[in-house]
There are 2 protein chains.
Amino acid sequence: MPKISDKQRESRRQQILEAALACFAEDGFHQTGMADIVKRSGLSHGAVYLYFQSKDDLIEALADDRHRREAVLNSVAQGSGDPIEGLHALVRVYAQWLTDPAGEARRRVGIHGWAEALRNRRVRNSVVEGIDMPRALIVALVERGQHDGLIKRDIGAEAIARVLIAIFQGFVLQKCWGEDVDIEACMAAVAVVIEGFRTTKPDVRRRART
Amino acid sequence: MPKISDKQRESRRQQILEAALACFAEDGFHQTGMADIVKRSGLSHGAVYLYFQSKDDLIEALADDRHRREAVLNSVAQGSGDPIEGLHALVRVYAQWLTDPAGEARRRVGIHGWAEALRNRRVRNSVVEGIDMPRALIVALVERGQHDGLIKRDIGAEAIARVLIAIFQGFVLQKCWGEDVDIEACMAAVAVVIEGFRTTKPDVRRRART
DNA sequence: ACAAACTGACTGATCGATCGTTTTTTATTA
DNA sequence: TAATAAAAAACGATCGATCAGTCAGTTTGT
């Protein structure tokens with residue numbers, strides 16, 4: 001007979017994950033000891049190992065950030081209109097995520113995950129898959145924009161997607177290092193970047209959808 | 001009386017640094033043991049500690065990448081002409097650095113350094129100072145371009161600099177993760193981004209230099 | 001009363017760093 | 001030129017500390 005309910009069990013799990021997130025955000029994966037996580041969680045060593053098989057298990061559980069993907073997915077729903085407006089919407093979503101004080105720990109752990117991805121195959125898969133979704137979304141938007149003659153056709157949609165993603169990755173770094181980045185001004189610059197992809201002449205050639 | 005010359009001494013130092021670079025690139029700072037570096041260097045534990053006080057000393061020595069700064073400085077000399085052409089030149093320099101196979105280890109160590117910068121003040125200072133120089137260079141170019149009416153005045157020069165730097169930071173990540181990034185296509189997209197900063201109308205208003 | 005949840009002292013392994021010893025090189029002497 | 005003394009350089013066995021992970025025993029809720 002289980003002593004605690006599934007809800008309680010999940011709550012304990014989250015309790016440990018939150019402690020681990022805070023510790024990893026402060027000191028990175030490999031400079032954080034299990035003792036730190038244990039102390040912060042308020043539980044004991046044994047209890048933690050009831051919920052996670054190993055420290056690597058915890059790392060992998062935190063390397064995967066589903067919340068952000070869901071936020072992106074929501075913006076997909078809105079992005080069914082003008083492709084370029086879709087790109088702007090996407091930028092807005094990420095800008096908000098970037099400036100949310102509550103997400104500081106997640107961003108820091110994310111950076112540690114980027115480094116860990118260089119040596120841990122499972123973490124790398126998590127990280128790469130994590131950017132695959134927004135990348136595919138941007139590619140779809142751009143290709144639609146190019147098809148409709150709104151976006152320059154001489155640039156690869158894939159290239160545009162990677163540039164936009166790179167911009168946000170770089171901002172996460174610069175922000176987390178504590179540099180005083182004027183996010184608002186930078187987002188304005190990114191908006192100009194996106195407008196730069198727009199065809200200068202309206203390019204009346206607009207083929208019918210297949 | 002010294003047994004070995006300064007040249008030999010520096011050579012040994014480099015020998016250790018190269019071993020450490022290779023090890024750190026493979027496994028990160030904290031997953032690399034001194035024993036790994038010792039073995040790779042072909043020396044002994046004691047010998048390594050004759051040249052570096054501690055493992056952290058090695059980390060800090062490698063977190064600072066002067067070579068790249070020098071390359072940027074060289075491109076400064078060329079950038080005395082058209083500001084926008086200066087930006088393109090800068091992109092070319094970084095694109096070359098990004099695709100140089102010999103620089104793979106340095107790029108990977110760089111990423112580990114980005115994560116380490118979150119918890120090690122000295123490493124953070126190295127990293128931040130490392131991007132301060134190209135940032136100042138871009139700001140100078142953009143402000144000159146804006147002054148001459150070549151670059152849109154409604155974007156902050158600082159913001160443009162941070163966007164361009166972020167792009168390259170992101171590309172280093174995506175490249176090192178092993179994703180098949182078409183660097184050439186991406187650089188073409190970046191070129192479009194830069195052109196997007198250009199004033200659409202030539203903006204004849206050109207004030208004389210103060 | 002019973003079984004699951006939890007505890008925390010404990011373990012073997014591994015870490016960065018040390019230091020007494022050995023090797024190597026150079027300046028000096030024979 | 002060959003032998004020698006002296007000192008720096010290099011070595012590597014070894015240290016205490018710390019690590020992730022375990023398990024026999026205790027508590028807790030049903």
Side-chain angles (χ1 to χ4, degrees), chain A residues 1-24 26-63 109 112-113 116 119-120 122-123, chain B residues 1-24 26-63 109 112-113 116 119-120 122-123:
Chain A
M1 299 160 187
K3 195 163 67 173
I4 59 175
S5 67
D6 285 357
K7 186 149 270 174
Q8 277 177 316
R9 210 182 150 73
E10 182 57 27
S11 167
R12 274 266 193 271
R13 207 184 130 89
Q14 282 303 320
Q15 181 179 350
I16 296 169
L17 279 175
E18 277 173 31
L21 183 82
C23 290
F24 288 154
E26 270 183 23
D27 264 355
F29 298 126
H30 303 297
Q31 287 301 101
T32 294
M34 286 303 287
D36 299 321
I37 299 174
V38 164
K39 186 174 289 180
R40 193 143 195 162
S41 71
L43 297 175
S44 67
H45 286 254
V48 170
Y49 280 94
L50 283 177
Y51 290 87
F52 295 92
Q53 284 191 354
S54 67
K55 186 183 175 182
D56 279 326
D57 204 20
L58 267 170
I59 293 176
E60 287 163 23
L62 284 171
V109 170
H112 286 295
E116 184 66 11
R119 52 176 298 277
N120 183 323
R122 305 174 74 138
V123 170
Chain B
M1 296 156 189
K3 195 163 67 174
I4 61 175
S5 67
D6 286 355
K7 185 148 272 176
Q8 277 176 315
R9 207 180 154 74
E10 183 57 28
S11 167
R12 274 266 192 272
R13 207 184 129 88
Q14 283 303 321
Q15 181 178 349
I16 296 169
L17 279 176
E18 278 173 30
L21 183 82
C23 290
F24 288 155
E26 270 183 23
D27 263 356
F29 298 125
H30 303 297
Q31 287 300 102
T32 294
M34 286 303 287
D36 300 320
I37 299 173
V38 164
K39 187 174 288 181
R40 193 144 195 163
S41 71
L43 297 175
S44 66
H45 286 254
V48 170
Y49 280 94
L50 283 176
Y51 292 86
F52 295 92
Q53 283 192 354
S54 67
K55 186 184 175 183
D56 278 326
D57 204 21
L58 267 170
I59 293 175
E60 287 164 22
L62 284 171
V109 170
H112 286 296
E116 184 66 9
R119 53 175 297 277
N120 183 325
R122 306 173 74 137
V123 169

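Everything quoted here is computed from the prediction, not taken from an experiment.
Counting to the nearest Å, the C1' atom of C:dT7 and the CD1 atom of A:I16 are 14 Å from each other. D:dT22 atom P lies 12 Å from atom CG of A:D57, rounded to whole Å. Straight-line distance from the CD atom of A:Q8 to the C1' atom of C:dC6: 13 Å, rounded to whole Å. The separation between B:K39 atom NZ and D:dC11 atom P is 15 Å, rounded to whole Å. Taking atom CG of residue B:L43 and atom P of nucleotide D:dA8, one finds them 19 Å apart after rounding to whole Å. Taking atom CD1 of A:I4 as the reference point, atom P of D:dT27 lies 19 Å away to the nearest angstrom. Atom CD1 of A:I37 is separated from atom P of D:dG21 by 10 Å (rounded to the nearest Å). A straight line from CZ of B:R12 to P of D:dA8 spans 17 Å, rounded to a whole angstrom.
One finds no side-chain N or O of B:R9 lying less than 4.0 angstrom from the OP1 or OP2 phosphate oxygen of D:dA8.
Atom CD of B:E10 and atom CD of B:Q15 lie 12.0 Å apart (nearest 0.5 Å). For the atom pair CD (B:E60) and CD (B:E116), the distance works out to 9.0 Å, reported to the nearest 0.5 Å. Taken from CD1 in A:I16 to CG in A:L21, the straight-line distance is 13.5 Å, to the nearest 0.5 Å.
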For nucleotides 14-20 of chain C, read 5' to 3', which letter fits each nucleotide if B means a protein heavy atom sits under 4.0 Å from the base, S means only the sugar-phosphate is that close, and - means neither? --SBBB-

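Within the nucleic acid shown, B:Y51 comes within 4.0 Å of sugar-phosphate atoms alone, with no base atom in reach, counting heavy atoms only.
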Side-chain atoms of residues 47-55 of chain B: list all donor-acceptor pairs with protein atoms under 3.5 Å, sequence neighbours left out, distances to 0.1 Å.
from  : atom 1 : to    : atom 2 : distance (Å)
B:S54 : OG     : B:D56 : N      : 3.4
B:S54 : OG     : B:D57 : N      : 3.2
B:K55 : NZ     : B:F29 : O      : 3.0
B:K55 : NZ     : B:T32 : O      : 2.7

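Within the structure, the side-chain hydrogen bond (donor to acceptor under 3.5 Å, both in side chains) test picks out the following pairs touching residues 33-43 of chain B (sequence neighbours left out): B:E26-B:R40.
Looking at every heavy atom in both residues, A:M34 comes nearest to A:L58 through CE-CD1, 4.2 Å.
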